[in-house]
A.B. asks: 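Below is the structure I would like to discuss, written out as structure tokens.
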Amino acid sequence: MAGVSLVLKLLCFLCLVFVAPWTASAALVQQKFIIGTQTVTRVCNTQTIVTVNGQYPGPTITVHEGDNLIIEVDNNCPYNITLHWHGVKQFQSGWADGPAYVTQCPIIPGNKYTYNFTITGQEGTLWWHAHITYLRATVHGALIVLPRIGNEYPFPKPEAEFPLIIGEWWNANVEDVLADAVRRGAVPNDSNAYTINSQPGDFYPCSANDTSKILVEAGKSYLLRIVNCAMVISYFFKIAQHTMTVVAVDSVYTKPYTTDVLVVYPGNTIDVLITADQKSGLYYIAIRAYSSEPSGTGFLNTTTTAILQYTDSSNSLVPVLPSLPAFNDTALPFNFKASLRTLKPLVPQTVDEEMFITEGVGVVSCPNNSCAGFNGGRVVGSFNNISFVRPDIALLQAYFYGINGVFTRDFPGNPPLAFDYTGNVSKSLWQPQLATKVKVLQFNSTVQIVFQNTAIVNIEEHPIHLHGHNFYLVGQGFGNYNPQTDPATFNLVDPVMLNTFGVPTGGWAAIRFTANNPGVWLMHCHFESHSEFGFDMVFLTLDGPGCSVKVPPPPADLPKC
Ligand SMILES: *[C@@H]1O[C@H](CO)[C@@H](O)[C@H](O)[C@H]1NC(C)=O
Ligand SMILES: *[C@@H]1O[C@H](CO)[C@@H](O)[C@H](O)[C@H]1NC(C)=O
Ligand SMILES: *[C@@H]1O[C@H](CO)[C@@H](O)[C@H](O)[C@H]1NC(C)=O
Ligand SMILES: *[C@@H]1O[C@H](CO)[C@@H](O)[C@H](O)[C@H]1NC(C)=O
Ligand SMILES: *[C@@H]1O[C@H](CO)[C@@H](O)[C@H](O)[C@H]1NC(C)=O
Ligand SMILES: *[C@@H]1O[C@H](CO)[C@@H](O)[C@H](O)[C@H]1NC(C)=O
Ligand SMILES: *[C@@H]1O[C@H](CO)[C@@H](O)[C@H](O)[C@H]1NC(C)=O
Ligand SMILES: *[C@@H]1O[C@H](CO)[C@@H](O)[C@H](O)[C@H]1NC(C)=O
Ligand SMILES: *[C@@H]1O[C@H](CO)[C@@H](O)[C@H](O)[C@H]1NC(C)=O
Ligand SMILES: *[C@@H]1O[C@H](CO)[C@@H](O)[C@H](O)[C@H]1NC(C)=O
Ligand SMILES: [Cu+2]
């Protein structure tokens with residue numbers, strides 16, 4: 001059976017290649033990414049870090065909607081690596097998506113792999129990052145998608161554009177930070193600095209001279225492309241005395257929304273317009289952690305800055321600092337998400353597949369309570385009480401070639417047990433099942449998922465990222481989801497569309513999307529440590545009718561395990 005369907009898939013691909021008419025073609029963008037190592041000093045500490053083309057952050061790729069990207073990745077660093085093109089839908093190019101052991105095996109040191117994909121129907125800011133172990137900490141960069149030549153932004157053209165890339169810096173080798181956490185069974189050490197365009201800013205030691213600067217002319221408007229590449233931290237973002245108008249998030253245009261504070265989760269991008277309408281001077285662009293864990297621990301409580309400088313002002317002025325919200329202002333992110341509206345919405349009005357998924361951390365017991373997680377156990381993450389076990393070969397490969405025994409198709413649509421999710425959860429429920437299960441979706445089905453945060457170990461806002469799709473965030477609330485009354489509060493008209501969103505801490509959120517992309521798609525907590533600890537699940541979208549909606553065969557250079 002598997003053999004026959006494979007032959008059909010190959011035949012189908014051949015007919016596609018020879019019959020497909022040439023569409024008015026956009027450009028071919030070819031780049032070489034050399035993964036290497038580099039010695040870098042931050043906050044008085046020198047580390048050898050992994051970089052792309054010797055740059056930290058990595059190179060910004062700028063393309064037009066419709067372009068075909070051909071990125072040859074040469075791995076000259078000592079670690080296995082894969083790259084993910086965060087937010088790119090990868091329609092008919094799932095082999096280029098990048099999560100290790102989900103769509104591909106790693107590129108081992110000394111080898112190369114060419115990512116080949118076309119960006120269609122998406123404009124704005126996306127990004128790329130390593131999608132294996134902890135390498136994302138330094139292997140990341142912006143992917144800017146401009147409108148096709150001849151098309152324009154749905155907002156006034158800015159004078160200039162600036163990417164602002166948020167990251168985290170460790171005074172340690174990040175692979176050691178992860179290995180140490182895995183060995184102890186506990187969350188990894190906190191980072192030692194937060195960065196904007198790789199610089200920590202004026203409030204850290206050995207940093208002030210290199211603080212990132214943006215030069216603006218009085219009276220003009222600018223587009224800031226903000227990308228949160230951080231590993232485990234969500235941020236509040238402000239600019240002293242300047243309001244910001246959000247015009248896009250996760251490469252989807254929004255109705256203009258003016259605010260003085262942004263909330264940016266790891267994985268999100270936010271495009272904002274600002275106008276240099278204040279008196280000439282220096283103003284801090286400042287970020288601080290938003291942390292929803294009631295304990296108030298587990299994050300670095302520092303302020304990171306860049307500087308907005310009016311061109312006619314003196315360097316010697318002391319910049320104005322904005323006041324940032326309290327680390328635990330959980331109402332603010334809730335309202336921020338609810339305030340954003342998609343510019344041209346097209347929300348699925350009916351639902352074919354309805355899922356209710358609990359999400360949160362848990363604990364797996366260790367021999368003699370020897371681990372450093374809770375109760376001597378090991379920290380894990382789970383969806384519907386299943387903590388994802390990474391297979392030894394890529395799931396997409398196993399699916400395409402019909403290799404049995406790699407995964408099962410029985411990921412449940414509901415939690416195995418109903419309980420007071422946000423109450424005092426009995427410790428007997430804290431340990432999830434460890435398994436590699438996928439949720440099968442029919443091609444083109446409309447899917448609604450209600451995520452329910454659990455109070456297992458503790459409540460916390462997790463940024464959930466879905467590969468291969470954007471989704472509408474149609475509803476959210478605190479406490480337990482009520483299927484009788486809460487659907488009436490959904491916005492099915494113009495909710496925000498995202499690829500990563502936070503499920504309110506101790507609350508729930510509902511999303512909708514159409515499963516129009518056959519393939520294997522990871523969904524995970526974008527706190528990298530949580531994802532490494534099994535906070536992942538996988539959708540398998542079946543082929544549709546017709547050649548353009550089937551998983552194509554893999555490229556010849558796809559890495560093998
Ligand atoms: C990229 O993929 C397309 C579609 O499968 C294919 O036609 C093209 O030859 C590929 N390009 C390269 C450089 O491999
Ligand atoms: C993690 O932090 C502990 C305590 O500060 C320190 O002893 C340890 O060396 C750190 N681990 C790594 C990998 O930096
Ligand atoms: C910063 O710049 C000042 C003035 O140029 C210089 O004296 C100082 O050594 C620099 N500090 C660092 C950490 O580079
Ligand atoms: C974090 O820092 C701010 C500003 O320095 C301070 O007001 C606040 O108490 C600190 N919070 C925690 C949880 O340490
Ligand atoms: C935030 O934390 C402070 C202690 O640092 C606490 O007093 C306050 O109640 C918390 N606020 C919320 C909304 O949890
Ligand atoms: C657990 O502790 C017991 C008693 O101290 C000891 O005999 C046993 O070897 C330990 N097991 C492990 C796996 O460490
Ligand atoms: C939660 O339940 C446990 C066991 O039933 C009990 O010991 C504990 O005091 C309860 N905690 C709270 C905050 O109610
Ligand atoms: C999760 O499944 C395990 C069995 O594998 C069970 O012991 C535990 O109680 C379940 N927890 C929840 C929250 O369903
Ligand atoms: C998928 O569904 C959309 C919307 O209902 C429809 O327009 C489209 O034709 C369908 N695609 C296929 C290949 O069936
Ligand atoms: C690197 O990837 C290869 C292929 O999957 C695997 O055999 C090897 O164990 C990996 N190395 C490490 C250090 O994970
Ligand atoms: Cu991602």
Side-chain angles (χ1 to χ4, degrees), residues 35 37 50 73-84 95 98-113 130-136 139 173-185 234 236 261 263 288-303 323-336 364-373 375-378 389-398 401 403 406 422 436 453 455 458-461 477-479 502 504-507 528 531-533 554 557-561:
I35 315 281
T37 53
V50 179
V73 177
D74 294 14
N75 186 4
N76 292 349
C77 91
Y79 308 106
N80 281 350
I81 202 159
T82 69
L83 294 188
H84 168 54
W95 301 104
Y101 302 107
V102 176
T103 63
Q104 70 165 99
C105 298
I107 311 168
I108 62 173
N111 278 23
K112 45 179 88 169
Y113 176 48
H131 212 303
I132 186 168
T133 60
Y134 242 40
L135 293 176
R136 163 154 77 90
V139 180
N173 177 323
V174 294
E175 291 299 89
D176 292 346
V177 170
L178 177 64
D180 181 51
V182 169
R183 188 179 47 75
R184 290 182 295 119
S234 307
F236 293 122
V261 59
V263 183
R288 227 177 44 207
Y290 156 50
S291 177
S292 61
E293 258 190 276
S295 70
T297 59
F299 67 99
L300 183 70
N301 187 26
T302 50
T303 300
S323 71
L324 285 147
F327 74 92
N328 59 351
D329 189 345
T330 50
L332 204 157
F334 186 98
N335 294 330
F336 180 71
V364 167
S365 59
C366 291
N368 288 353
N369 295 335
S370 56
C371 293
N375 305 327
R378 173 164 72 81
V389 177
R390 211 158 289 165
D392 294 331
I393 66 164
L395 294 177
L396 184 56
Q397 222 181 340
Y401 291 109
I403 301 166
V406 179
T422 53
T436 312
N453 185 216
N458 60 35
I459 56 167
E460 185 179 3
E461 183 155 358
F478 289 107
T505 182
E528 196 60 37
S531 176
E532 284 296 317
F533 291 173
D557 62 342
L558 185 76
K560 303 201 166 37
C561 312

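Bear in mind that the values here come from a model prediction, so they are computed numbers and not experimental data. As the structure lists them, so they are numbered: ligands from 1, and atoms in each ligand from 1.
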A.B. asks: What protein heavy atom lies closest to atom 8 (C) of ligand 6? Include the residue and the distance to one decimal.
C.D. replies: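 Of every protein heavy atom, N368 ND2, 3.8 Å lies nearest to atom 8 (C) of ligand 6.
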A.B. asks: At a non-hydrogen distance cut-off of under 4.0 Å, which region of P106 contacts ligand 10 (side chain, backbone, both, or neither)?
C.D. replies: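 Looking at P106 and ligand 10, just side chain atoms fall under 4.0 Å.
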A.B. asks: Taking both backbone and side-chain atoms of N328, is any N or O found less than 3.5 Å from an N or O belonging to ligand 5?
C.D. replies: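 Such a contact does occur with ligand 5.
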A.B. asks: Need the ligand 6 atom indices (1-based, order shown) with element for anything under 4.0 Å from a heavy-atom of P367.
C.D. replies: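 Within the 4.0 Å cut-off of P367, ligand 6 contributes 13 (C).
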A.B. asks: Using a strict 4.0 Å cut-off to heavy atoms of C561, name the atoms of ligand 10 that fall inside it.
C.D. replies: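 So the answer, numbered in order with elements, is 5 (O).
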A.B. asks: So which heavy atom on C366 is nearest to which on S370, and how close?
C.D. replies: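 Nearest pair, atom of C366 first, then S370: CB-OG, 3.8 Å.
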A.B. asks: Is atom 2 (O) of ligand 10 less than 4.0 angstrom from at least one protein heavy atom?
C.D. replies: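 Yes.
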A.B. asks: Is atom 11 (N) of ligand 10 in close reach of the protein, with a heavy atom under 4.0 Å away?
C.D. replies: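 Within 4.0 Å: yes, protein heavy atom nearby.
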A.B. asks: Taking the six-membered ring for Trp, are the ring centroids of F327 and Y290 within less than 6.0 Å of each other?
C.D. replies: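 Ring centroids of F327 and Y290 are no less than 6.0 Å from each other.
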A.B. asks: Using the rule side-chain contact (heavy atoms from CB on, under 4.5 Å), only one of V174, L178, N80 pairs with T133; which is it?
C.D. replies: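 Among the candidates, only L178 passes.
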A.B. asks: Does Y101 have a heavy atom less than 4.0 Å from any atom of ligand 10?
C.D. replies: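 Distance cut 4.0 Å: Y101 passes for ligand 10.
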A.B. asks: So among I81, D74, I107, N76, which one has a side-chain contact (heavy atoms from CB on, under 4.5 Å) with I35?
C.D. replies: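 Among I81, D74, I107, N76, the one meeting side-chain contact (heavy atoms from CB on, under 4.5 Å) with I35 is I81.
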A.B. asks: Check for a donor-acceptor pair, side chain of T82 on one end and backbone N or O of G98 on the other, with a separation under 3.5 Å.
C.D. replies: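 Here the side-chain-to-backbone pair exists.
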A.B. asks: Are any non-hydrogen protein atoms located under 4.0 Å from atom 5 (O) of ligand 6?
C.D. replies: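 So atom 5 (O) of ligand 6 lacks protein heavy-atom neighbours under 4.0 Å.
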A.B. asks: Quick test: of every protein heavy atom, which one is nearest to atom 9 (O) of ligand 10, and how far off is it to 0.1 Å?
C.D. replies: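 Heavy-atom neighbour on the protein nearest atom 9 (O) of ligand 10: N80 ND2, 4.8 Å.
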A.B. asks: Starting from the C-alpha separation in whole Å, work towards a yes-or-no answer on side-chain contact (heavy atoms from CB on, under 4.5 Å) for F533 and V182.
C.D. replies: CA-CA 8 Å; F533 291 173; V182 169; 4.0 Å; yes
A.B. asks: If every non-hydrogen atom of T422 is compared with every non-hydrogen atom of G506, which pair is closest and at what distance?
C.D. replies: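 Closest approach of T422 to G506: CG2-O, 3.4 Å.
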A.B. asks: With heavy atoms under 4.0 Å as the rule, classify the contact between D392 and ligand 10 as side chain, backbone, both or neither.
C.D. replies: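 It is neither; nothing of D392 touches ligand 10.
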A.B. asks: For the residue pair D392 and Y101, establish whether any side-chain heavy-atom pair is separated by less than 4.5 Å.
C.D. replies: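 The answer is no; the side chains never approach within 4.5 Å.
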